Amino acid sequence: MKIVHVVECFAGGVFSFLSNLTNELDKEEYIVIYGINRDNTPSDFREKFPPNTKFIPWKNASRSLNPLKDIKALWELYIILKRIDGIDIIHLHSSKAGFLGRIVSFLLGKSKKTIYTPHAISFLRLDVSPKKRKIFIAMEKFASFFGGKIVACSQSEKEAIEEQGIKNVTFINNGIKPLQIEKKVNTSDKITIISVGRLSIQKNPKLFNDIALAFIDNPNIQFIWCGDGELKSELTSPNIKCAGWVERKELENHLANADIYLSTSLWEGLPLSVLEAMSIGLPVVLSNCVGNRDLVRDNGFLYKDKKEATNNINELIENKELINKKGYNSKTLMDNNFYIKNMAISYLNVYKGMKS
């Protein structure tokens, strides 16, 4: 099959998702139309995809709403897609590509070949005003009239979309390859609590800092954040180490030496960083938001505020057997429900169903 992926946000979790999916289904022919205006796109991105992948830059695509630029981006995408012969599937990723791509697909008569994966749909954002969220909802509803199947990356994201009256929605859980590193056995009294991601409003580093401050009098509890971003200055508690963006091997070592994974996110699609922590057996303490709530059963806790989060962490650190038990359950849950092969097979079945 010739599968065209269209993505403005060619970075972060969306990039990892796309790289993982194409490598798992490496027998297909791929064309990736990608936005060039993201600072954290890997410089070696071509090496992260199968050899049979062609890349076409989408020069006018940008994250922010800008009518003039968006019209230019729409026309550019129309020209690019029109010139590609024999397209079997158009797969749109994230909100900007999802909005413009569905209009273009409709104009080209390819709506029945188009799917859209939001990766944390735009109206979940809490870093914008309620008025702007209403605009995002209206835009998603408008774009849905142009056809295409919406494939959310978690059940809770699917439900959030359907709550807005948008139809033709299904979901396929995000999946990863388990990390090929063993969790270190902790024989000391020290407990390390880790989080991974961009230091942005979405990841809510202020709450992470506030939770760390609640343990400032316990020298055996340390916090680490792997990642960087515009809100790095909010990590001021002296018991937090900010590792910044680290090489893959170093990140895996940090996870292997940690005891608990803490997420303070305000919204998610289905976070790959949490799945990676689960894959080596870390118990999780996650904020109760879309995406996170799909990842907690008997492997950790969902919390609604700082007080509940600190209580959950205290429950774990006071009982190492509980850490081990919930960590084992994390690994089992990840293997059974969020494995890359399962995700890839599900997408392949969707592709085949739409192609026929």
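Worth knowing before you read on, the calculation uses all heavy atoms, side chains too, and leaves out hydrogens, waters and symmetry mates. Keep in mind that this is a model prediction, so the values were computed, not measured.
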Original post:
Does Lys326 make a cation-pi contact with Phe301, if we ask for NZ or CZ under 6.0 Å from the ring centre and within 45° of the axis?
Top reply: yes
Original post:
Is the count of non-hydrogen atoms from other residues, nucleotides or ligands lying under 6.0 Å from Lys320 atom NZ greater than 12?
Top reply: yes
**OP:** Take Phe49 and Tyr30, measure what ring-ring contact (aromatic ring centres under 6.0 Å, His included) needs, and give me the verdict at the end.
**Re:** CA-CA 9 Å; Phe49 288 82; Tyr30 295 109; 8.3 Å; no
Original post:
Judged by atom type as modelled, is there a donor-acceptor pair below 3.5 Å linking the side chain of Ser154 to the main-chain atoms of Asp294?
Top reply: no
Subject >> No-hydrogen, no-angle side-chain donor-acceptor test under 3.5 Å, Asn292 and Ser263 >> reply: yes
Original post:
Within a strict 4.5 Å, meaning less than it, do heavy atoms of the Glu268 and Val290 side chains meet?
Top reply: no
Original post:
Would you say Asn37's side chain and Ala61's backbone share a donor-acceptor pair under 3.5 angstrom?
Top reply: yes
Original post:
Distance under 6.0 Å and angle within 45° of the ring axis: does Arg46 meet both against Phe55?
Top reply: yes
Original post:
Do Ile161 and Phe123 come within less than 4.5 Å of each other through their side chains, counting heavy atoms only?
Top reply: yes
**OP:** Evaluate the ring planes of Tyr347 and Tyr351, with Trp represented by its six-membered ring, and classify them as parallel (under 30°), tilted (30 to 60°) or perpendicular (over 60°).
**Re:** tilted
Original post:
Between Glu162 (side chain) and Ala160 (backbone), is there a donor-acceptor pair under 3.5 Å?
Top reply: no
**OP:** Step through it carefully: locate the ring centre of Tyr34, locate the ring centre of Phe15, and say whether they are under 6.0 Å apart.
**Re:** no
Subject >> Heavy-atom side-chain contact between Tyr328 and Thr332 under 4.5 Å >> reply: yes
**OP:** For the residue pair Phe208 and Phe223, categorise the inter-ring angle as parallel (less than 30°), tilted (30 to 60°) or perpendicular (more than 60°).
**Re:** perpendicular
Original post:
To the nearest 0.5 Å, what is the distance between SG (Cys226) and CG (Leu199)?
Top reply: 10.5 Å
Original post:
Can a salt bridge be assigned to the pair Arg248 and Glu276 using a cut-off of 4.0 Å between side-chain N and carboxylate O?
Top reply: yes
**OP:** May I ask you to test the Phe136-Val128 pair for a side-chain heavy-atom distance under 4.5 Å?
**Re:** yes
**OP:** Return yes if a side-chain donor-acceptor contact under 3.5 Å exists between Gln222 and Asn239, otherwise no.
**Re:** no
Original post:
Can you name the nearest heavy-atom pair linking Ile224 to Ala243, along with the distance?
Top reply: CD1-CB, 4.3 Å
Subject >> pair Glu28-Met1: side-chain heavy atoms closer than 4.5 Å >> reply: yes
**OP:** Answer with yes or no whether the side chains of Ser188 and Asn186 bring together a donor and an acceptor at under 3.5 Å.
**Re:** yes
Original post:
Is Lys341 paired with Glu24 through a side-chain N to carboxylate O contact shorter than 4.0 Å?
Top reply: yes
Original post:
Within the distance-only criterion (no hydrogens, no angle test), does the side chain of Ser144 pair as donor or acceptor with the backbone N or O of Lys141 below 3.5 angstrom?
Top reply: yes
Original post:
Is there a donor-acceptor contact under 3.5 Å from the side chain of Glu308 to the main chain of Lys304?
Top reply: yes
Subject >> Short side-chain to backbone donor-acceptor contact, Trp58 and Ala73, under 3.5 Å >> reply: yes
Subject >> Flag if over 12 foreign heavy atoms under 6.0 Å of CZ, Phe106 >> reply: no
Subject >> Contact summary for Pro205 and Glu234, nearest pair of heavy atoms >> reply: CG-OE1, 3.8 Å
Original post:
At their closest point, which heavy atom of Gly227 faces which heavy atom of Cys242, and how far apart are they?
Top reply: O-SG, 3.8 Å
Original post:
Hey, does Thr114 have a side-chain heavy atom less than 4.5 Å from the side chain of Lys149?
Top reply: no
Original post:
How many angstroms lie between atom CZ of Phe17 and atom CD1 of Ile176, to the nearest 0.5 angstrom?
Top reply: 13.0 Å
Subject >> is_close_aromatic(Tyr116, His91), centroid dist under 6.0 Å >> reply: no
Original post:
Using 4.0 Å as the upper bound for N to carboxylate O, is an ion pair formed by Asp298 and Lys325?
Top reply: no
Original post:
Just checking, any donor-acceptor pair under 3.5 angstrom between side chains of Asn204 and Thr264?
Top reply: no
**OP:** Could you check if a side-chain atom of Ser287 sits within less than 4.5 angstrom of a side-chain atom of Leu266, using non-hydrogen atoms only?
**Re:** no
Original post:
Is a side-chain donor or acceptor of Asn220 paired with a backbone partner of Asn218 at a separation under 3.5 angstrom?
Top reply: no
**OP:** Kindly compute the distance separating OH (Tyr261) from OG1 (Thr192), expressed to the nearest 0.5 Å.
**Re:** 14.5 Å
Subject >> Minimal non-hydrogen separation, Asp217 against Pro219, with atom names >> reply: O-CD, 3.4 Å
**OP:** Report yes if some heavy atom in the side chain of Leu270 is under 4.5 Å from a heavy atom in the side chain of Glu157; otherwise report no.
**Re:** no
Original post:
Quick one: does Ser330's side chain have a donor or acceptor within less than 3.5 Å of a partner on Leu282's backbone?
Top reply: yes
Subject >> Salt bridge Lys54-Glu29, side-chain N to carboxylate O under 4.0 Å >> reply: no
Original post:
Just wondering, are more than 12 heavy atoms of other shown residues or ligands nearer than 6.0 Å to NZ in Lys232?
Top reply: no
